[in-house]
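So you know, we letter chains A, B, ... as the sequences are listed, proteins then strands, and number each from 1. The model shown is predicted, which means the values in this text are computed figures rather than measured ones.
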Amino acid sequence: MGIKECLINALTDSLSRAVGMSRHEISELFKELKLKLAPTPSPELGDYGVALHYILHREKIPREEWGVFGENITRELMSSSYRDKCYIVKAEFTNGYLNIWIDYPRILRDYAVYVLTGRIFDELKSRGRGRRVIVEHTSANPIHPLHVGSGRNTVIGSTFANLLRKLGYDVREHFYVDDMGRQVAVLVYGVSLLSKRGVEPGPDRKIDHWYGIVYALTNILIEKAKLEKKLVEEAARIHDVISEAAEKLLGLYRVTGLAPIYELHVSFKNASWKKRYIHNLYQIIRRLDKLLEKTMKRLGNEESKGLSKIVDWFRRETSGFLEDYREYMEYVEAENRLGILEPSVHDVLEEEITDPLIAEEAISELMRKYEDEDPIVSDMFRKTAGDVLEGFRETLGRIGVVFDEYDWESSREIRGLTRLVVEKALSTPYVVLEDNAVILDLGKAAREDDYVRELFGGEEPGRFVLRRSDGTTLYGTRDVAYSIYKFGKLGAEKVYNVIAHEQAREQKQVKAALHLLGYHDYAEKLVHLDYEMVNLKGFSMSSRRGRIYTLDELIDDYVEIVVRDYLENKIRGVGGLKYRIENLEEFQSTAEKLAVANTRALLLSIDPRKTLAFDPSKLQEHLEGSWILYTYVRLQSILRKHYGYEPLEHLEEIGRDLIDKLDSIKEIFLERSEKELLESLLGYPETLLTVEESLETNKLLEKAMDICMKANKFYEELPVLSEKDRGKKYTRLILVALTMIILKELLEIMKLPKLKVV
RNA sequence: GGGCCCGUAGCCUAGCCCGGACAAGGCGCCGGCCUUCGGAGCCGGAGAUCCCGGGUUCAAAUCCCGGCGGGCCCGCCA
């Protein structure tokens, strides 16, 4: 290919002659991007254009003489030997731009051979040369079902893995099972209380969803109990505050003689006695606060000066209580909501979890025992996490994701390497020992080591604790160990970690630690593919309160929308209310595929580094997946009709046939919509290479959408099969085939399910 | 308080790294085309101080400086 490069050479040659600058100077201008060759904004202006204003200005050519200059440069270009080489058919100078027209039919012929023989795909494959790469993604805590946030991780990760496969890497997808943290211990604690009383997961609920409720309720009941304790303790103090406020108000009345202040005093005095009766302290505070507010307004700026001091003091004293109370009520609300879902789980946990301190102690005990490899506790952790992972596998299977490996944080290898990490750290010059804790002083490292300094940029690197005073290790320590495992044991030449942006700093610390421990190579080949969170409109997710929008729900919601959309369309059209679904099973499978396509497309649709926000009640506005699949189906149906067989099953035959027809499209003029479609298709290889570099997986979806849009316009405008002119017909058939083939590749990368018919 | 990221029509985004010709696409809205291969589509229309202010430049959404607004991170948590 290399049209652009060719044109740049041609322009360098012609410009140097027309202006009298050396070729070297001109080519430097291109390199410095003072001159830039780019597609024109519209076909009327030619295919490619270059802005020459810089040269015009530099050569001090007055506006009136631009025309002469233009003629000159155009003549040079059209008479040069590059004219033929670069497919140039015409050049024109307007407003300081030199615009060039290209021989598209010839490009189409070349590209058709490139794609239809499969050479394009072989060339892309040559990039990776079978090198082993690990993409770690999803790695959600096994405590509740995957939610839309984890879903975004999964979709980005698996898409990126597939992209690398197309680029010829030997890709492994790994899931890191984070089973040694506190959260899993909370779940295990809840499960242990339940199993003691014979409450087990039942068949009515997907297993990870059941565990999700157990985790949330266990957490909620502990947090609620803690707050309860705190509120009881606070209440006594608050009553004192109210009494004191009453005294202060009385004092202020005596000084100022303002009657409304005496009114306040009576209200506060009364309130301070209310503790003898059963009244909601929260409401009392709110009422008193309102009274204060009203009186402030009533008195005006001058008179309320003394009072405002009391108000500020009162608010300071009570704000903590109010905050805790509100949080407490949120837990109560969450408890009620989940209790209705699984009453037996709720009732048992409510009875068992009474003292939060006992619960906390039990959870810490579980963690310690797991770290010490106590056999009974280990079984409990393994069983619980394993059950939740079973639920994950089911969901992931729906969206076409299968992991090559689940790596357990608690595995022998990673435990062993974790010890090694601490040991090695001890012999680095950056280690700090405090109460038996092992800490890497990354700040010091940044001052002395270029790699570490550059890694953190302006950021404060902080201290990286590898071992606590009590001898246990931390998540980050095990993460460093896991990285060594991925490179050392698994032989990865590059590792991509798909991890949320909030962990960016931790990922840098892991890299820094690897570097300081002597694994310079691993540090450099560890890539953090970071992505931002998912924000739902009108719904704030909180996994600790069991309020999550799960990936399963998202897919199911899409199934509903897809079915509704389709049937409403049919009912409005030919079918009427009696529209008959031919094959119910096939219909369901199609709906599922479309739902999955929409789910993946939605989660892939924007730059990973930006927050993805959508309204779950407006999913019908996000149907990019359906839209792409539908275009794909139409392309197939055109080829199916022409050849009389399934095009996807006979790609080689079709390729041979179309290559034979290439001679008949030599003298063809391409319509605008054809050129635009071809242009979009030409960009396919570059898109893959760009995404590998930039990690912007959304660009793949954008490319697919762009191709579909151009394809839709193309065959809306132009007939293919019914075209009488043989050359035109084959041009269009070739375009249809190329579009289908490239779209197929993109669908495979993004794992959008493939459909033959709708 | 410090660091990083983001701010583009009513809404969601692309373009910014690497400055160029009317700021692109989708949703929603208004008006057409009810399927001769394809209607989950296509065509047309309305709708933008590219957050604000300054600077560099022949030329700024893009680069630089200063504000404003939002998110995230700054644990012997994971």
Residue A:Asn99, side-chain atoms from C-beta onward, closest of B:rC42, B:rA21, B:rA14: B:rA21
Rounded to whole Å, how long is the line connecting atom [atom1] of [X] with atom [atom2] of [N]?
| X | N | atom1 | atom2 | value |
| --- | --- | --- | --- | --- |
| A:Glu624 | B:rA14 | CD | C1' | 13 Å |
| A:Asp565 | B:rG39 | CG | P | 15 Å |
| A:Met705 | B:rA40 | CE | P | 18 Å |
| A:Lys710 | B:rC43 | NZ | P | 12 Å |
| A:Met709 | B:rG26 | CE | P | 6 Å |
| A:Glu716 | B:rG41 | CD | P | 11 Å |
| A:Gln507 | B:rG3 | CD | P | 23 Å |
| A:Phe93 | B:rA21 | CZ | C1' | 12 Å |

Classify the side-chain pair [X]/[Y] by whether it contains a donor and acceptor separated by less than 3.5 Å.
| X | Y | answer |
| --- | --- | --- |
| A:Asn436 | A:Ser469 | no |
| A:Ser673 | A:Glu717 | yes |
| A:Tyr211 | A:Thr384 | no |
| A:Asn99 | A:Glu92 | no |
| A:Arg478 | A:Thr473 | yes |

Close N or O pairs between protein and nucleotides 27-29 of chain B (under 3.5 Å):
residue : atom : partner  : partner atom : Å
B:rC27  : O2'  : A:Glu621 : OE1          : 2.9

Side-chain donor/acceptor of A:Asp435 to backbone N/O of A:Ala437, under 3.5 Å: no
Whether A:Ser150 side chain and A:His147 backbone form a donor-acceptor pair below 3.5 Å: yes
Carboxylate-amine/guanidinium contact A:Arg732 A:Glu723, below 4.0 Å: yes
Lys/Arg-Asp/Glu bridge criterion (N-O < 4.0 Å) met for A:Glu560, A:Arg564: yes
Reading 5' to 3' through nucleotides 71-78 of chain B, protein heavy-atom contacts under 4.0 Å coded B for base, S for sugar-phosphate only, - for none: -SSS-BSB
Hey, does the side chain of [X] come within less than 4.0 Å of [N]'s phosphate (OP1/OP2), counting only N and O?
| X | N | answer |
| --- | --- | --- |
| A:Lys610 | B:rG7 | yes |
| A:Trp627 | B:rG41 | yes |
| A:Tyr630 | B:rG39 | yes |
| A:Lys713 | B:rC43 | yes |

Could you let me know what [N] is paired to, Watson-Crick or G-U wobble, both distances under 3.5 Å, or none if it's on its own?
| N | result |
| --- | --- |
| B:rC72 | B:rG3 |
| B:rG53 | B:rC65 |
| B:rC22 | none |

Regarding [X], tell me which of base, sugar-phosphate or nothing describes its non-hydrogen contacts under 4.0 Å with the strands shown.
| X | value |
| --- | --- |
| A:Leu718 | base |
| A:Tyr566 | base |
| A:Leu635 | nothing |
| A:Leu623 | nothing |

Those residues of residues 690-700 of chain A lying under 4.0 Å from RNA chain B by at least one heavy atom: A:Lys699
Expressed in whole Å, how much space separates the [atom1] atoms belonging to [N] and [M]?
| N | M | atom1 | answer |
| --- | --- | --- | --- |
| B:rC65 | B:rA60 | C1' | 15 Å |
| B:rC33 | B:rG69 | C1' | 45 Å |
| B:rC42 | B:rC37 | C1' | 15 Å |
| B:rC63 | B:rG71 | C1' | 25 Å |

Validation: residues 529-536 of chain A side-chain donor-acceptor distances under 3.5 Å, sequence neighbours left out:
residue  : atom : partner  : partner atom : Å
A:Asp530 : OD2  : A:His501 : ND1          : 2.7
A:Tyr531 : OH   : A:Asn153 : ND2          : 3.1

Set of ring pair (Phe, Tyr, Trp, His ring centres under 6.0 Å) partners for A:Tyr482, sequence neighbours left out: A:Tyr176
Distance-only donor-acceptor test (3.5 Å): side chain A:Asp706, base B:rA14: no
Aromatic plane relationship, A:His642 with A:Tyr730 - under 30° parallel, 30 to 60° tilted, over 60° perpendicular: perpendicular
Cut-off 3.5 Å, no hydrogens considered: what does the side-chain donor-acceptor table look like for residues 586-597 of chain A, sequence neighbours left out?
residue  : atom : partner  : partner atom : Å
A:Thr590 : OG1  : A:Glu586 : O            : 2.9
A:Glu592 : OE1  : A:Arg398 : NH2          : 3.1
A:Glu592 : OE2  : A:Arg398 : NE           : 2.9

